[in-house]
Amino acid sequence: MKKATVGAVVVGTAAAVAVAALIMRHRMGKSSKWARARAILKEFEEKCATPDGKLKQVADAMTVEMHAGLASEGGSKLKMLISYVDNLPTGDEGGVFYALDLGGTNFRVLRVQLGGKDGGIIHQEFAEASIPPNLMVGTSEALFDYIAAELAKFVAEEGEEFHPPPGRQRELGFTFSFPIMQTSINSGTLIRWTKGFSIDDTVGKDVVAELTKAMQKREIDMRVSALVNDTVGTLAGGRFTNKDVSIAVILGTGTNAAYVERAQAIPKWHGPLPKSGEMVINMEWGNFRSSHLPLTEYDHAMDTDSLNPGEQIFEKICSGMYLGEILRRVLLRMAEEAGIFGEEVPPKLKNSFILRTPEMSAMHHDTSSDLRVVGDKLKDILEISNTSLKTRRLVVELCNIVATRGARLAAAGILGIIKKMGKDTPRESGPEKIVVAMDGGLYEHYTEYSKCLENTLVELLGKEMATSIVFKHANDGSGIGAALLAASNSVYVEDK
């Protein structure tokens, strides 16, 4: 009997040791997997690093590219397009003006009533319409006819108080957010369609002439006074209420910047110098690239898989369309190599662009003690449930790395513009005020991003200059800005 008891004890002990070893191995496996996840995060963080020194190199590279783009067409990755806007609103404009804002699949028609000197905007209203998919791939005539029909409807419904005096035409600012080669303040030829449009017979044509033809067919007595890029519109909208606005930046799905340049500093400008001595330049800065940009393997892979490999590199690390996708790619690698979401890789995590930047922003801004929002988003979007608090914290850390890099690089870009304008050092009379008009959903809604951008620029400019920089949110700049540019370029403005 005793022998059996001893044997049972030995077997029992061996089993306990085996179980303990299994638990130990499981724990070690878990901790080594967690160590792998942390290692991936650390490596990503190091590659995304944007110390001040690096940001200053990026800013200098931006300035160099700006000079090159102004010197000759095709001289730089930055197009530095001449906008033909040399008369920005002064705030004294009066009368009723219209805007047509075609930014993508939706377009808006606006009417703005201006009150003259110090009167500001007295009244504004708009109508919105979406473009039927068949018209996005049809003919130029069909598209512009549809737009003119909506414009005619809008004008037909307005009250008599908005009718122009006898002998005067209504005037319109046309925001056209597609690549165009501008040939005057109110003419420009389409270089190529983007955003899902593909109408071959519009390419190479003057879009204002196409719209005018359609308006005449509908008997709308209206002339296009200004053809405007949305960033230039944002600059005009900002200038109307603040005469110190000289830079505009859009940070939304994509990103772009425009600024006021001295006409004499544009070697590729061959026309007579404008009376104002100034010219607004549409930089198309999303296409900026430099060896100083901190790019990671995730960025390279995303670029390779994109519709435009090698193009818009700056946009792909700074703007709203891409931030969530960069985050997804890092999480996918962590799921594959470190099993942060369990043994199986969640199938939804393999879908490109499933994780949008608004969701990333919501997770980044989660202040609950158990990071409930992060848990909910992972469950709703990626169908990942029961995440540990440790994993949710890791996700927030990644959001912070991606957003911080984007925001700090955008700030470096703005510093590059300020340097080009020669406003980066204090004057004897004290620092000159620099007001930057900002627009776009990323800037407006992703608070951590916009806060980081503003703080970074202040930090880069230094204490003495910090007080001179002001950010102004110019909401809906592109629409109102177009109407204001129609006003400041009106044929009825007397030569002052």
Side-chain angles (χ1 to χ4, degrees), residues 23 25-48 251-253 296-299 301-302 305 317-408 441-453:
I23 291 169
R25 260 208 306 278
H26 180 66
R27 279 189 185 147
M28 281 175 71
K30 263 189 137 175
S31 69
S32 72
K33 279 190 164 183
W34 187 250
R36 179 75 198 116
R38 295 299 311 175
I40 292 170
L41 177 118
K42 194 167 176 9
E43 183 194 17
F44 180 60
E45 188 171 30
E46 282 166 3
K47 285 189 174 162
C48 286
L251 281 159
T253 306
T296 68
E297 65 210 77
Y298 310 99
D299 302 304
M302 181 175 73
D305 296 343
I317 48 179
C318 292
S319 79
M321 183 168 174
Y322 302 99
L323 302 182
E325 172 62 5
I326 297 164
L327 172 67
R328 180 197 70 84
R329 285 172 180 264
V330 186
L331 287 174
L332 178 61
R333 184 164 171 213
M334 286 182 168
E336 287 169 344
E337 293 184 20
I340 61 165
F341 298 123
E343 295 304 313
E344 297 290 314
V345 174
K348 287 268 173 106
L349 192 55
K350 295 176 181 173
N351 296 354
S352 294
F353 291 95
I354 191 171
L355 197 55
R356 293 165 55 249
T357 302
E359 272 85 44
M360 171 180 155
S361 166
M363 294 194 290
H364 194 173
H365 292 130
D366 188 357
T367 53
S368 60
S369 57
D370 59 349
L371 296 178
R372 195 183 64 250
V373 178
V374 178
D376 290 347
K377 292 289 177 196
L378 294 174
K379 189 165 178 279
D380 297 345
I381 303 154
L382 302 169
E383 292 174 6
I384 300 168
S385 37
N386 305 325
T387 47
S388 67
L389 181 57
K390 198 156 71 158
T391 301
R392 297 199 289 271
R393 282 192 182 128
L394 188 75
V395 172
V396 176
E397 272 188 80
L398 285 173
C399 292
N400 190 50
I401 294 166
V402 175
T404 299
R405 177 185 66 165
R408 284 176 66 81
L442 178 64
Y443 176 81
E444 188 178 352
H445 301 297
Y446 200 147
T447 319
E448 285 294 329
Y449 185 103
S450 39
K451 235 169 35 188
C452 176
L453 183 152

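Only heavy atoms go into these numbers, but all of them, side chains included; no hydrogens, no water, no symmetry mates. As the structure is a prediction and not an experimental result, all values here were calculated from the model.
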**Q.** Trace of the side-chain contact (heavy atoms from CB on, under 4.5 Å) decision for L355 with M360
**A.** CA-CA 7 Å; L355 197 55; M360 171 180 155; 5.5 Å; no
Q: Look up atom CD1 in I381 and atom CE in M363, then write down how far apart they are to the nearest 0.5 Å.
A: 6.0 Å
**Q.** Nearest-0.5 Å distance, SG of residue C48 to CD1 of residue I326
**A.** 7.5 Å
Q) Can you name the side-chain contact (heavy atoms from CB on, under 4.5 Å) partners of S361, sequence neighbours left out? A) H365, Y446
Q) When rounded to the nearest 0.5 angstrom, what is the spacing between CD in E344 and CG in L349? A) 13.0 Å
Q: Determine whether F341 and L331 make a side-chain contact, defined as any pair of heavy atoms from C-beta on separated by less than 4.5 Å.
A: yes
Q) What side-chain hydrogen bond (donor to acceptor under 3.5 Å, both in side chains) pairs are there with at least one residue in residues 381-392, not counting sequence neighbours? A) K348-E383, T387-R392, S388-T391
**Q.** V402 side chain reached by V330 side chain, heavy atoms, under 4.5 Å
**A.** no
Q | Residues that A362 engages under side-chain contact (heavy atoms from CB on, under 4.5 Å), provided they are two or more places apart | A | V373, K377
Q) To the nearest 0.5 Å, what is the distance between CD (E325) and CZ (R328)? A) 4.0 Å
Q. Any side-chain heavy atom of L251 sitting closer than 4.5 Å to one from L453?
A. yes
(Q) According to salt bridge (charged side-chain N to carboxylate O under 4.0 Å, His left out), who are the partners of K379, at least two apart in sequence or on a separate chain? (A) none
Q. Checking S319 side chain against T253 main chain: does a donor-acceptor pair fall under 3.5 Å?
A. yes
Q | Contacts of E444 that satisfy side-chain hydrogen bond (donor to acceptor under 3.5 Å, both in side chains) - sequence neighbours left out | A | none
Q) Do side-chain atoms of Y449 reach the backbone of C318 as a donor and acceptor pair under 3.5 angstrom? A) yes
Q: Specify the closest pair of heavy atoms between R333 and Y298, including all atoms of both residues, with the distance to one decimal.
A: NH1-OH, 2.9 Å
**Q.** pair L327-E359: side-chain heavy atoms closer than 4.5 Å
**A.** no
Q: To the nearest 0.5 angstrom, please state how far the CD atom of E337 sits from the CG atom of L332.
A: 9.5 Å
Q) Run the side-chain contact (heavy atoms from CB on, under 4.5 Å) check on D305 and R329 step by step: do they pass? A) CA-CA 12 Å; D305 296 343; R329 285 172 180 264; 3.0 Å; yes
Q.
Measuring from atom CZ of R408 to atom SG of C452, what distance do you get when rounded to the nearest 0.5 angstrom?
A. 6.0 Å
Q: Return yes if some donor-acceptor pair links the side-chain N/O of D366 with the main-chain N/O of R372 below 3.5 Å, else return no.
A: yes
Which side-chain N or O atoms in residues 393-401 pair as donor and acceptor under 3.5 Å with protein atoms at least two apart or in another chain?
residue, atom, partner, partner atom, Å
E397, OE1, R38, NH2, 3.3
E397, OE2, R38, NH1, 2.9
E397, OE2, R38, NH2, 3.4
N400, OD1, H364, NE2, 3.2
N400, OD1, T404, OG1, 3.4

Q) Passes side-chain contact (heavy atoms from CB on, under 4.5 Å), E43 versus E297? Steps please. A) CA-CA 11 Å; E43 183 194 17; E297 65 210 77; 4.1 Å; yes
Q. Should K42 and E45 be marked as a salt bridge (charged side-chain N to carboxylate O under 4.0 Å, His left out) after you check the CA-CA gap, both sets of side-chain angles, and the distance that decides it?
A. CA-CA 5 Å; K42 194 167 176 9; E45 188 171 30; over 6 Å; no
